[in-house]
Amino acid sequence: MASPFPFDSGDDGSVWFAKNNRTVIKSFGHAANYTHELACYLRLRHAGMGRKVRNFNVPELIDYSDKWSVIEMTAVFPPYILDFGKAYLHDPLFP
């Protein structure tokens with residue numbers, strides 16, 4: 001069961017622990033931020049990147065809801081990369 005208080009929050013939304021702290025739910029305040037971050041996680045999944053990018057832990061996409069603008073992902077611990085909301089996704093200078 002998710003905690004009644006967010007684990008973390010920022011400019012784009014809040015993160016909540018779920019499923020006995022094995023996964024987290026990230027909720028977004030703006031649909032565009034949700035869509036962009038989801039596209040990043042889907043690209044990582046499609047590329048078979050797994051749970052590591054170089055030496056950094058990266059959450060795996062578990063599920064998502066377009067209706068609620070939320071993404072469920074695995075919980076990770078430092079060193080990690082969590083936030084892809086401002087990552088370059090379609091810039092030809094950063095393939």
Side-chain angles (χ1 to χ4, degrees):
M1 182 163 157
S3 164
F5 301 103
F7 156 67
D8 196 10
S9 62
D11 294 338
D12 298 332
S14 300
V15 179
W16 307 78
F17 276 115
K19 296 184 182 175
N20 297 323
N21 297 338
R22 292 187 183 140
T23 65
V24 295
I25 304 291
K26 186 169 185 180
S27 64
F28 294 82
H30 303 285
N33 297 32
Y34 161 76
T35 302
H36 182 84
E37 190 144 337
L38 177 60
C40 289
Y41 277 107
L42 288 171
R43 183 174 286 184
L44 287 169
R45 177 192 274 176
H46 180 73
M49 295 297 288
R51 298 178 74 155
K52 289 272 190 188
V53 172
R54 299 198 180 216
N55 291 326
F56 295 95
N57 297 312
V58 176
E60 279 186 277
L61 176 66
I62 301 295
D63 204 356
Y64 58 93
S65 170
D66 293 336
K67 178 180 178 180
W68 298 104
S69 296
V70 297
I71 297 174
E72 181 180 10
M73 61 190 82
T74 57
V76 293
F77 299 95
Y80 52 70
I81 302 173
L82 296 175
D83 191 351
F84 294 95
K86 297 181 180 59
Y88 290 101
L89 191 57
H90 302 294
D91 189 326
L93 297 177
F94 298 94

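FYI, side chains are in, hydrogens and waters are out, and symmetry mates aren't considered; it's all heavy atoms of this structure.
Side chains of Glu37 and Tyr41 form a contact here, defined as non-hydrogen atoms less than 4.5 Å apart. The closest side-chain heavy-atom distance from Thr23 to Phe17 is not below 4.5 Å.
For Ser69 against Ala31, the heavy-atom pair with the smallest separation is OG-CA, 4.5 Å. Of all heavy-atom pairs spanning Ile71 and Phe28, the tightest one is CD1-CE1, 3.7 Å.
In this structure, Leu38 CG and Arg43 CZ are separated by 12.0 Å, a value rounded to the nearest 0.5 Å.
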Original post:
Hey, mind stepping through Lys26 and Glu72 against salt bridge (charged side-chain N to carboxylate O under 4.0 Å, His left out) and telling me if it holds?
Top reply: CA-CA 6 Å; Lys26 186 169 185 180; Glu72 181 180 10; over 6 Å; no
**OP:** List the steps, then state whether side-chain contact (heavy atoms from CB on, under 4.5 Å) holds for Trp16 with Val70.
**Re:** CA-CA 10 Å; Trp16 307 78; Val70 297; over 6 Å; no
Could you list the donor-acceptor pairs under 3.5 angstrom formed between side-chain atoms of residues 52-65 and any protein atom two or more places apart in sequence or on another chain?
from  : atom 1 : to    : atom 2 : distance (Å)
Lys52 : NZ     : Asn57 : OD1    : 2.9
Asn57 : ND2    : Phe77 : O      : 2.7
Asn57 : ND2    : Pro79 : O      : 3.2
Ser65 : OG     : Lys67 : N      : 3.4
Ser65 : OG     : Trp68 : N      : 3.1

